[in-house]
Amino acid sequence: LIMSDGSNKLYHIAPSTFNILKEVEVYDHNGPVDQLNELEYVDGMIWANVWLADRIVVIYPETGIVRGELNLPGLLPATDKARLDDKDDVLNGIAWNAGKGTFYVTGKRWPKLFEINMDVKIEESWKALLQEEFDKPYFAELIAFVKNEYAQTRIFPPGKLIFNAFNHCTVDNTKVVILGQDSYHG
């Protein structure tokens with residue numbers, strides 16, 4: 001069990017006694033990440049909404065290091081946002097749907113709920129081959145950057161198709177891999 005008190009601290013809690021087992025401070029490249037709010041534990045990472053910011057951070061729970069982030073300033077349309085109190089009607093809800101591999105995101109008194117797909121599909125033999133690279137910090141930073149770009153503008157291909165070429169042939173049946181850039185049309 002992991003909880004936050006609204007600061008930059010995460011508390012690892014014993015579920016049976018609620019005693020604090022461990023305290024971890026959360027930092028990114030700019031320093032402490034304060035006002036951690038809504039938490040979700042997904043695939044070994046803590047996803048936390050940052051109170052009063054349109055920002056969700058992805059945290060290594062054992063170290064408190066921020067692995068990536070989603071910046072969602074344009075998520076709620078301006079017409080909807082204009083009807084809210086900007087002092088506290090902010091991004092405030094995050095929930096993981098394991099069955100679909102998506103997050104539900106909303107805000108305090110927001111009129112809408114958003115579903116964000118965070119799962120990129122890749123054929124299993126390629127995934128096994130590339131997993132070591134996927135687990136490196138630079139790749140986490142790259143993924144956070146790409147997700148942020150997808151959240152803010154229209155990008156091709158759609159996120160679910162980023163590794164689509166790998167789904168047409170297994171590693172064992174591949175003779176040559178040519179890396180390059182394809183043009184996509186929307």
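- In terms of modelled atom types and a separation under 3.5 Å, the side chain of Thr106 and the main chain of Lys112 share a donor-acceptor contact.
- For Gln131, the side chain to side chain contact (heavy atoms under 4.5 Å, CB included) partners two or more places apart in sequence, or in a different chain, are Lys127, Phe134, Asp135.
- Among residues two or more places apart in sequence or in another chain, the side chain to side chain donor-acceptor pair (under 3.5 Å) test is passed with Gln35 by none.
- Listed by chain and residue number, Tyr11, Ile13 satisfy the side chain to side chain contact (heavy atoms under 4.5 Å, CB included) test with Met3 (two or more places apart in sequence, or in another chain).
- Under the side chain to side chain donor-acceptor pair (under 3.5 Å) criterion, Asn173 pairs with Thr170, sequence neighbours left out.
- Shown here are the side chain to side chain donor-acceptor pair (under 3.5 Å) partners of Thr174, two or more places apart in sequence or in another chain: there are none.
- Apart from Leu36 itself, the hydrophobic cluster it occupies contains Ile2, Leu10, Val26, Val33, Leu39, Tyr41, Ile46, Val50, Val57, Ile59, Val66, where clustering links Ile, Leu, Val, Met, Phe, Trp and Tyr at side-chain heavy-atom distances under 4.5 Å.
- Shown here are the side chain to side chain donor-acceptor pair (under 3.5 Å) partners of Glu23, two or more places apart in sequence or in another chain: Lys9.
- The shortest heavy-atom contact between Phe114 and Pro77 is CZ-CD, 4.3 Å.
- The side-chain heavy atoms of Val42 and Phe103, taken from C-beta on, include a pair separated by under 4.5 Å.
- With contacts defined as side-chain heavy-atom distances shorter than 4.5 Å, the pair Ile56/Leu91 qualifies.
- In this structure, Leu113 shares a hydrophobic cluster with Tyr104, the cluster being traced through Ile, Leu, Val, Met, Phe, Trp and Tyr side chains under 4.5 angstrom apart.
- The side chain to side chain contact (heavy atoms under 4.5 Å, CB included) check on Val171 picks up Ser125, Trp126, Leu129, with sequence neighbours excluded.
- In plain terms, the two heavy atoms of Gly44 and Pro61 that are nearest each other are O-CD, 3.2 Å.
- Each of Asn71, Leu75, Leu76 was compared with Pro73 under the side chain to side chain contact (heavy atoms under 4.5 Å, CB included) criterion, and only Asn71 meets it.
- Evaluation of the salt bridge (Lys or Arg N to Asp or Glu O under 4.0 Å) test over residues 45-56, restricted to residues two or more places apart or in two chains, returns Asp28-Arg55, Asp54-Lys81, Arg55-Glu69.
- A distance of 11.5 Å separates CG of Leu84 from NZ of Lys108, quoted to the nearest 0.5 Å.
- Lys136 pairs by the side chain to side chain contact (heavy atoms under 4.5 Å, CB included) definition with Glu132, Glu133, Tyr138, not counting sequence neighbours.
- In this structure Trp110 satisfies the ring pair (Phe, Tyr, Trp, His ring centres under 6.0 Å) test with no other residue, sequence neighbours excluded.
- Each of Asn19, Leu1, Val24 was evaluated against His12; a single residue qualifies, Val24, per the side chain to side chain contact (heavy atoms under 4.5 Å, CB included) test.
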